[in-house]
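Inspection log for the structure reproduced underneath, given as structure tokens.
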Amino acid sequence: FPYMPQKQHDKILCINSHSLFIVPPETLDYKNIIIADILFKQGAPEHYVICRKQQEENMNLQLESLEHYEKALKQGRRAHRESVHQGKYPYLQALDDILEDTMVAGQVDLGILDIPMEKIVGTKTSGRTNSFSADFMPLLEETSEFAMKWCKLCVAHLGDEGIRDPIFCYEYLGRFYVQEGNKRVSVLKYFGASSIPGYVIRILPNYIPTIEIQCYYEFVRYYPQTKLYQLIFTQLGSFQKLQAALGYEADHVWTDNER
């Protein structure tokens with residue numbers, strides 16, 4: 001709103017990307033505003049408002065997205081409190097904070113993959129960590145620019161457009177850290193999506209004789225056969241046993257149906 005009313009008879013000029021309209025301040029309720037065009041009639045004491053169905057639907061989606069943000073914010077604040085109470089770090093993990101150059105053997109460009117949501121655990125850098133709880137739910141106020149962008153993505157998800165642009169992230173030891181697209185992940189996690197498309201760079205750890213690293217390198221070897229990040233075992237030789245149990249040859253490449 002360009003200004004707040006100084007007197008009861010003042011009227012507020014509301015401007016948005018579609019149109020503008022004027023309403024008496026005493027009747028103003030942002031949850032009941034309908035986007036409309038104004039029909040100015042010369043000499044008339046009132047402004048006549050013509051509503052467009054599509055514009056009304058757009059506004060309904062915007063209002064619905066705000067309600068979803070409020071719910072997501074409550075979830076995020078609750079998760080934050082529980083993490084603090086349990087002595088856990090209450091924000092997203094940042095890969096740059098846990099990874100040192102001496103721990104990296106190289107990088108592999110995997111292209112665009114369908115990433116399981118449960119495998120996305122943090123961000124690449126620490127710049128956005130405090131905006132999210134550890135489960136990717138938002139922590140910033142409803143009036144923030146962050147919230148408006150979150151709501152815009154929510155509108156896209158609820159409407160015909162959908163969230164289509166892939167995120168950009170890094171995979172390390174089977175877990176994913178987002179470089180670009182944290183809010184997209186947040187919105188889709190809130191709605192319970194099982195996966196999201198993403199452009200992935202795999203970071204290979206230096207090989208050391210620990211069970212975690214050995215199992216991960218075994219996963220790297222059989223991943224081209226399965227294309228599944230859900231299959232990361234904690235015991236060596238497990239994938240070969242799985243292939244045999246399913247009746248497949250050791251070098252069998254899984255089809256889409258088998259996945």
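Not measured: the values here are computed from a predicted model. Sequential numbering from 1 along the given sequence is applied to the chain's residues.
Other residues, nucleotides and ligands place no more than 12 heavy atoms under 6.0 Å from the CD atom of Glu249. Enclosure of atom CD in Gln235 is not indicated, since only 12 or fewer non-hydrogen atoms of other residues, nucleotides or ligands lie within 6.0 angstrom. Counting heavy-atom neighbours within 6.0 Å of Gln230 CD, excluding the residue itself, gives a total above 12.
Taking CZ of Phe146 as the reference point, atom SG of Cys151 lies at 10.0 Å (rounded to 0.5 Å). For the atom pair His80 NE2 and Asn130 CG, the distance stands at 8.0 Å (nearest 0.5 Å). Note that the SG atom of Cys169 and the CG atom of Leu95 stand 10.5 Å from one another [nearest 0.5 Å]. Considering CD1 of Ile163 and CZ of Arg184, their distance stands at 8.0 Å, rounded to 0.5 Å.
Closest heavy-atom contact between Gln62 and Ser65: O-OG, 2.6 Å. The two residues Asn206 and Ile213 have their closest heavy-atom pair at O-CG2, 3.8 Å. Residues Leu173 and Glu212 come closest through the heavy atom pair CD1-OE2, 3.7 Å. Pairing each heavy atom of Ala134 with each of Leu92, the nearest pair is O-CD2, 3.7 Å.
Annotation: cation-pi geometry satisfied between Arg202 and Tyr223 (NZ/CZ under 6.0 angstrom from ring centroid, within 45° of ring axis).
Between Phe132 and Val185 there is no side-chain heavy-atom pair separated by less than 4.5 Å. At least one side-chain heavy atom of Leu158 sits under 4.5 Å from a side-chain heavy atom of His68. Side-chain contact between Leu236 and Ile211 is present, with heavy atoms from C-beta onward closer than 4.5 Å. Residues Tyr69 and Glu142 meet the side-chain proximity criterion, which asks for heavy atoms closer than 4.5 Å. Tyr199 has its side chain out of reach of Glu180: every pair of non-hydrogen atoms, C-beta onward, lies at least 4.5 Å apart. Contact of the Tyr222 side chain with the Gln243 side chain is not registered, since no non-hydrogen atoms from C-beta on lie closer than 4.5 Å. Using a 4.5 Å heavy-atom threshold, the side chains of Tyr229 and Ile115 count as separate. Put simply, the side chain of His85 does not reach to within 4.5 Å of the side chain of Glu82, judged on heavy atoms.
Linking Ile, Leu, Val, Met, Phe, Trp and Tyr whenever their side-chain heavy atoms come within less than 4.5 Å puts Ile201 and Ile112 in one cluster. Under the 4.5 Å side-chain heavy-atom criterion for Ile, Leu, Val, Met, Phe, Trp and Tyr, Leu73 and Met148 are members of distinct hydrophobic clusters.
Between the side chains of Asp135 and Ser133, at least one donor N or O sits under 3.5 Å from an acceptor N or O.
In terms of modelled atom types and a separation under 3.5 Å, the side chain of Gln225 and the main chain of Ala250 share a donor-acceptor contact. Side-chain N or O atoms of Arg259 include one that pairs as donor or acceptor with a backbone N or O of Trp254 at under 3.5 Å.
By the 4.0 Å N-to-carboxylate-O rule, Glu145 lies close enough to Lys149 to be salt-bridged with it.
Between Tyr216 and Phe219, the ring-plane angle classifies as tilted under the 30° and 60° cut-offs.
Aromatic rings of Tyr170 and Tyr177 (six-membered ring for Trp) have centroids beyond the 6.0 Å cut-off, not under it.
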